[in-house]
Amino acid sequence: MRSIDIHAHIAPLAASHLPEGQTWHGFTRREMNGRQFLVQGEKRQWLHPAYSLTADERIAYMDSVNVDVHVLTTWVGMYNYDLPGDVGAGIARECNDYVAELTRSHPDRFAGMATLPMQDVNAAVAELERAVNELGLKGAQIADHVNNKTLDHEDFIPFWSAAEQLGALIFFHQEGDDTIVKPRDTKGWAIDNSIGNLSDRVVTFGTLVFGGVLDRFPDLKVCLAHGGGFTCFGAGRLDRGWQVRSEARELGANIPSTYLNKVYYDCLTHSEAVLRYMIDSVGIDRIFLGSDYPYDMGIDEPTGWVNSLESLTQDEKEAILWKNLERVLGV
Amino acid sequence: MRSIDIHAHVTPQSYLSAMKEGRVWHGVEPHPLDIEPQLEWTPEQRIKDMDSLGVDVQIASTGAQFYYYGRGGQEIAAMHRECNDEVHQMTIDHPERFKGLAQIPMQDVDLAIAELDRCVNQLGMVGAMIDDKVNGKTFDEPEFLPLWKAAEQMGAVFLIHQGGGTLVNPRTRKYHLPNTIGNLVDRAVTFASFVMGGVMDACPDLKICLAHGGGYACYGVGRMDRSWDVGRLPQIPQPPSAYLSRFYYDCLTHSESALRMLIDMAGIDRVVFGTDWPFDMQIDWPVSWVLSLESLTQEEKEAILWKNMENLLGISSE
């Protein structure tokens, strides 16, 4: 059986192999406590060891877990929305050229998503056009907010317009521990990740719905990572808010739960009950395989896990593992 | 069929009259009232509405706007005593229709314990309603442990209910999302605070009811378990999902499928009836709603509507 993974990260080798003492878009590489980091000012971006793998080494890993295709997204350390727009644009171009090269050299194993300098919307639109039209990338990965602006902000209307026109899939993924649930690192609980990622994703769904983005751009393709977070489960309370609060309706949104089947989701739930709930809420044609390679919060055996789920039919498993993404991305 | 509502709010008459008469009330400056008209009703008017809804008993709590944890402990302890005395009077005048949840001044744990003790042991109240956080602190902080221990001894129930902003506020205040998403995020974080902070291990008999169906706690526990699987939660002996059945939850989900999932994950004996009377985010016809749910058995409906609450409170109508 085929399998295509929408949630698999990578970093350009130029960054992960940055020689000591040299700079890459203002970053230097530094080892701290046995880990490699890209450092710029106050920023500390952890380079996962897997980002040092060559394409062939990555493919060997993919073979070992029966994944045919990685739809590559750069690691979120490449967002850098806080840096000046020209720096972000330079990083994005280099990331996108790197990913595009992998998709050209291994077209049967890799497809790619763009990195965009969202702090400069015009530059982001230009780079998305280049990435899709010239490099053949399938869309882009962006964060749930850009310097604390959510994506319903009017500044982003040209971006959504371009994404719709290009047929680009926009994959929402938080930037590291920058979620609404602040890190509790002193205690090591990681709830900024376990609860925060899922919280940010439902806020994104809410802002796209109530902010009118999904109405204004009906052909837009949006995918919410981590199973859309708490979106499906929380839809009932969103509906109630829409029913009783005028501020939820002021931009003309319809009942929120009617938008659940207008976006896509990966299957990264770590729970069969949750995945089943999602399928029943949004429809089986809306869910993609997503593993979060190479992180420890990913699915260890992504295809093995999906295939093991007793509450899913064989057709449902195939839809998640490859059919849906093949249809939506044309890969 | 009986029904006991754990999630129903009261506004103290002493506050209302002070505001109307332009008097300072426990440090609260007089201000124009902008509240639901039902909150000005007498207990007798409230009972008429309960009759129309089919609600037999409200476990009444003064609203979250009266937490005031950011102010001086002594001043707010006095405010809370007055709130609690009013709720107590409702339970004395109408013992078959009202029980009470106390306000306690969480900014001073000693005062909070003293007021909880007074309310439970002298006034016969059920427990207390408290926020998800106290001046930025969550309930894993060791300073709160004496309160949990005292509550465990008293058999007091805590209803956890946000006040003021939620974790969504810094991201967006639009579209009512701080409530419709934020309440549910805060409740998941509170679940994590009690579990990962070791409170549930330290206090095996502690009774915590997470309002709004526990928010995203049950739906999000798979990812919390993954954190435990990969060694990020070494301090607890079991994965977070093992603690789901240690909490109680109200049924205020506005979703049959969410309620069904909550039952399946936490156990039917852990879900109690809660309506959020009289706010706009309440369940409009709460008893009818529960009775209408096709995915619940009759026994499950009865468990939610009244049996679980009777068991939790150690009372019996049978």
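Every chain is numbered from 1, with letters handed out A, B, ... down the list of sequences.
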Quiz item: cation-pi between Arg35(A) and Trp46(A), 6.0 Å / 45°: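 Judged by the rule (NZ or CZ under 6.0 Å from the ring centre, within 45° of its axis), Arg35(A) counts as positioned above Trp46(A).
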query: Is the Lys NZ or Arg CZ of Arg44(A) less than 6.0 Å from the centre of Phe37(A)'s six-membered ring, within 45° of the axis?
result: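 Checked: cation-pi criterion not met.
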Pairing of [X] and [Y] as salt bridge, 4.0 angstrom limit:
{"X": "Glu316(A)", "Y": "Arg276(A)", "answer": "yes"}
{"X": "Arg270(B)", "Y": "Asp250(B)", "answer": "no"}
{"X": "Asp300(A)", "Y": "Arg226(B)", "answer": "yes"}

message: Below 30° counts as parallel, above 60° as perpendicular, anything between as tilted: where do the rings of Trp277(B) and Trp41(B) land?
response: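 Rings of Trp277(B) and Trp41(B): tilted, as their planes differ by 30° to 60°.
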field: By side-chain contact (heavy atoms from CB on, under 4.5 Å) - contacts of Ala303(B) (at least two apart)
entry: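 If we apply the side-chain contact (heavy atoms from CB on, under 4.5 Å) test to Ala303(B), skipping adjacent residues, the hits are Ile268(B), Asn308(B).
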Using non-hydrogen atoms and a 4.5 Å limit, figure out which bit of [X] sits close to chain B: side chain, backbone, both or neither.
{"X": "Leu238(A)", "value": "both"}
{"X": "Tyr277(A)", "value": "side chain"}
{"X": "Ser281(A)", "value": "neither"}
{"X": "Asp296(A)", "value": "both"}

query: Hey, would you say the His48(A) and Tyr295(A) ring centroids sit under 6.0 Å apart?
result: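 So the answer is yes for these two rings.
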- request: Would you check if the distance from the ring center of Tyr243(B) to the ring center of Phe194(B) is below 6.0 Å?
  value: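 Centroid separation for Tyr243(B) and Phe194(B): 6.0 Å or greater.
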Pick from [options] with the largest number of heavy-atom pairs that fall under 4.5 Å of chain A:
{"options": "Thr253(B), Val230(B), Val221(B)", "result": "Val230(B)"}
{"options": "Met196(B), Arg171(B), Lys174(B)", "result": "Arg171(B)"}
{"options": "Asn179(B), Val168(B), Thr166(B), Thr172(B)", "result": "Asn179(B)"}

- prompt: Side chain, backbone, both or neither: which part of Leu184(B) has a heavy atom under 4.5 Å from chain A?
  reply: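 Contact with chain A involves the side chain of Leu184(B) alone.
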If we define contacts as heavy-atom pairs under 4.5 Å, which of [options] has the most with chain B?
{"options": "Asp280(A), Val202(A), Asp144(A), Leu198(A)", "result": "Val202(A)"}
{"options": "Glu250(A), Lys149(A), Glu247(A), Arg245(A)", "result": "Arg245(A)"}
{"options": "Glu272(A), Arg237(A), Arg249(A)", "result": "Arg237(A)"}

message: Under a 3.5 Å threshold, yes or no: a donor from one side chain and an acceptor from the other, between Asp269(B) and Tyr248(B)?
response: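 Side chains of Asp269(B) and Tyr248(B): no pair found under 3.5 Å.
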message: Side chains of His145(A) and Thr150(A): any donor to acceptor distance under 3.5 Å?
response: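 No.
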- prompt: Which residues in residues 255-265 of chain B have a heavy atom less than 4.5 Å from any heavy atom of chain A?
  reply: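 Answer by number: Ser255(B), Ser257(B), Ala258(B), Met261(B).
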